[in-house]
Peer 1: 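Here it is: the structure, laid out below.
All values derive from a computational prediction rather than experimental measurement.
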Amino acid sequence: MLDSVLDGLVRVGDPTALLYLVIATLIGVVFGVLPGLSGLTALALLLPLIYGMEPGAGLAFLLAAHAVVNTGGSVTAILLGIPGAPANTATLVDGFPMAKQGRGGEALGAALAASGIGGVIGVVFLIILLPVLQPIVLLFGSPETFCLVIMGIAFIAGLGHQNLTIGLISAGFGMYLGFFGYQQVSGVPRYWLDYDYLLNGFRLIPLALGLFAIPELVSLAASGGTIARDGARTGVLRADVYKGFRAAVSRKWLVLRSSMIGVVIGIIPGIGGETSPWVAYASARQTSPEGDQFGKGAIDGVIAPESANNSKEGGALVPTLAFGIPGSSAMALLLGGFFLVGLEPGPEFLKKHMDIAVSLALTVALANILAVVVLLAVARHLAAITKVRGHLLAPSLLVLLILGTYSVANSTTDVMFMFGFGVLGVLLREAGFNRPALLLGFVLAPLAETYLHISLNVQGWSFLLRPISLGILGLTLLALLWPMIRRSLRKIRT
């Protein structure tokens, strides 16, 4: 294994490979900053470019661009309340309120530090796990995966703005929206209203941007002011950015725990992408001594999801490299890249090309570090966006939203649905509903239904009694009861 690590270092250190890594990282950051242009979009556009490249360099080029998209996406999530990618919606819950308070630089610094550290932690665990991947991945079947989904849905209660009922109702509505279109197991279409577009269900990008971006643009344009409140400090100092950076570094246990959540959930195929940041956020809210400040500008609420956002990529590479089973939709495109350069991931790949596997892991780490350095250098200037008048900023951002939504599938219908969900987002915000919980319910609904169907067909309800299933459900119950347990402990101490 040591020889493979050394060979991987040699591969990554090759000047040509480093040049590809730098170019890909810059492309990934730009894709992250522009709303709607996710890592999946970046991989889809860059995939043809690797034809004819040396296998390791070509795959590293794809992976570097994808790995830093969420780092770039945190910029718009914090400064504008617009998630650069759907996974960044967890970051804006506290990051955007911080920007409104004139603390945008601090939030950016914390997010960038957490992203970089989380990405490196994910890679470290990937390299540790590479020799022992098979037995770990094989422990998780459909029953255990379903229980993980239930954990994610239960954690919605931790996002409920002090009102669990509203949080669960919002999540339920999100799950209902997730059931539109073909049922994944039977193939029977549901709720499609004889409208062909709905046969494949609602799209994630129009839903996410509509729910979160449009309401903020409406508020910004209507107020005529700036994102940062008039009473907030007008200057964006380099010291603000580094204050946030130091805050993330000092919260080492929060970063480590959130990164571990990202790695573990990222390993499970199909679960990690948009789920792990929310689970990390809910975990931080349940355990933080300032849990009641979450949603109002708590810096821990920025650090936790950003740590998980980047560490999950290391986890998603586990099933991709070990079994050729993509850990996420983006990894499915990376799988296509493997075939394009003449490689086939799986157990035999790890035996014959462990050096390439290690070099890919190191590529993720280096890309994360480089993205943090680049964004730190310009963070002060980016944070100044919060001082631009709304009537100047809103039209430009609206154009970016339209272009970002359209570019996903070249569909004007997606753009129309984005505006439709934007109206819904405004109404839900005014009514006090929990939009993050709705989005998480939407993402998890098809997974919950599919894995429940498979588990019941194979084992009946006894699948809930499997040891790992029981452990996951026990942790879920503990998470739900933790606020009451913490209040009881405080009363005992006083």
Peer 1: How far apart are the closest heavy atoms of Ser283 and Arg257, and which atoms are they?
Peer 2: OG-NE, 3.6 Å
Peer 1: Once you round to the nearest 0.5 Å, how far does OG of Ser142 lie from CD1 of Ile454?
Peer 2: 4.0 Å
Peer 1: Would you call the rings of Tyr242 and Phe245 parallel, tilted or perpendicular, taking 30° and 60° as the class edges?
Peer 2: tilted
Peer 1: For residues 440-448, which side-chain donor-acceptor pairs fall under 3.5 Å, sequence neighbours excluded?
Peer 2:
none

Peer 1: Supply the atom-to-atom distance Thr363 OG1 to Leu62 CG, rounded to the nearest 0.5 angstrom.
Peer 2: 11.0 Å
Peer 1: How many angstroms lie between OG in Ser74 and CG in Leu375, if you round to the nearest 0.5 Å?
Peer 2: 7.0 Å
Peer 1: Are Asp414 and Phe202 close enough that some pair of their side-chain heavy atoms sits under 4.5 Å apart?
Peer 2: no
Peer 1: What side-chain donor-acceptor pairs closer than 3.5 Å can you find for residues 105-120, not counting sequence neighbours?
Peer 2:
residue: Glu106; atom: OE1; partner: Arg103; partner atom: NE; Å: 3.4
residue: Ser115; atom: OG; partner: Ala111; partner atom: O; Å: 2.8
residue: Ser115; atom: OG; partner: Glu306; partner atom: OE1; Å: 2.7

Peer 1: Could you pull out the closest heavy-atom pair between Ala247 and Ile299, with the gap in Å?
Peer 2: CB-CD1, 3.7 Å
Peer 1: With no hydrogens and no angle check, is any side-chain donor or acceptor of Asn309 less than 3.5 Å from a backbone partner on Pro277?
Peer 2: no
Peer 1: Holding to ring-ring contact (aromatic ring centres under 6.0 Å, His included), I want the full list of residues that pass it with Phe125, two or more places apart in sequence or in another chain.
Peer 2: none
Peer 1: Would you check if Phe61 and Ile23 make a side-chain contact, meaning some heavy-atom pair closer than 4.5 Å?
Peer 2: yes
Peer 1: Is Ile121 close to Leu256 at the side-chain level, that is, under 4.5 Å between some pair of heavy atoms?
Peer 2: yes
Peer 1: Identify the two heavy atoms, one from Ile78 and one from Thr91, that lie closest to each other, and give their separation to 0.1 Å.
Peer 2: CG1-CG2, 3.9 Å
Peer 1: Rounded at 0.5 Å granularity, tell me how far CD in Glu144 sits from CG in Leu473.
Peer 2: 10.0 Å
Peer 1: Walk me through whether Leu177 and Leu438 qualify under side-chain contact (heavy atoms from CB on, under 4.5 Å).
Peer 2: CA-CA 9 Å; Leu177 294 178; Leu438 189 155; 4.2 Å; yes
Peer 1: Donor-acceptor pair, distance only, cut-off 3.5 Å: does the side chain of Arg203 make one with the backbone of Gly201?
Peer 2: yes
Peer 1: Between Asn200 and Tyr182, is there a side-chain heavy-atom distance shorter than 4.5 Å?
Peer 2: yes
Peer 1: Check Thr25 against Ala64 and note the closest heavy-atom contact, atom names and distance.
Peer 2: OG1-CB, 4.1 Å
Peer 1: Look at the side chain of Ser311 and the backbone N and O of Gly122, then say whether any donor-acceptor pair between them is shorter than 3.5 Å.
Peer 2: no
Peer 1: Between CH2 of Trp278 and CZ of Arg285, what distance do you get to the nearest 0.5 Å?
Peer 2: 11.0 Å
Peer 1: Taking the side chain as everything from C-beta on, heavy atoms only, tell me whether Ile303 gets closer than 4.5 Å to Tyr281.
Peer 2: no
Peer 1: Quick check: closest heavy atoms across Gly301 and Asp94, and the distance to 0.1 Å?
Peer 2: CA-OD2, 3.7 Å
Peer 1: Please name the pair of heavy atoms, one in Ala284 and one in Asp300, separated by the smallest distance, quoted to 0.1 Å.
Peer 2: CB-O, 4.5 Å
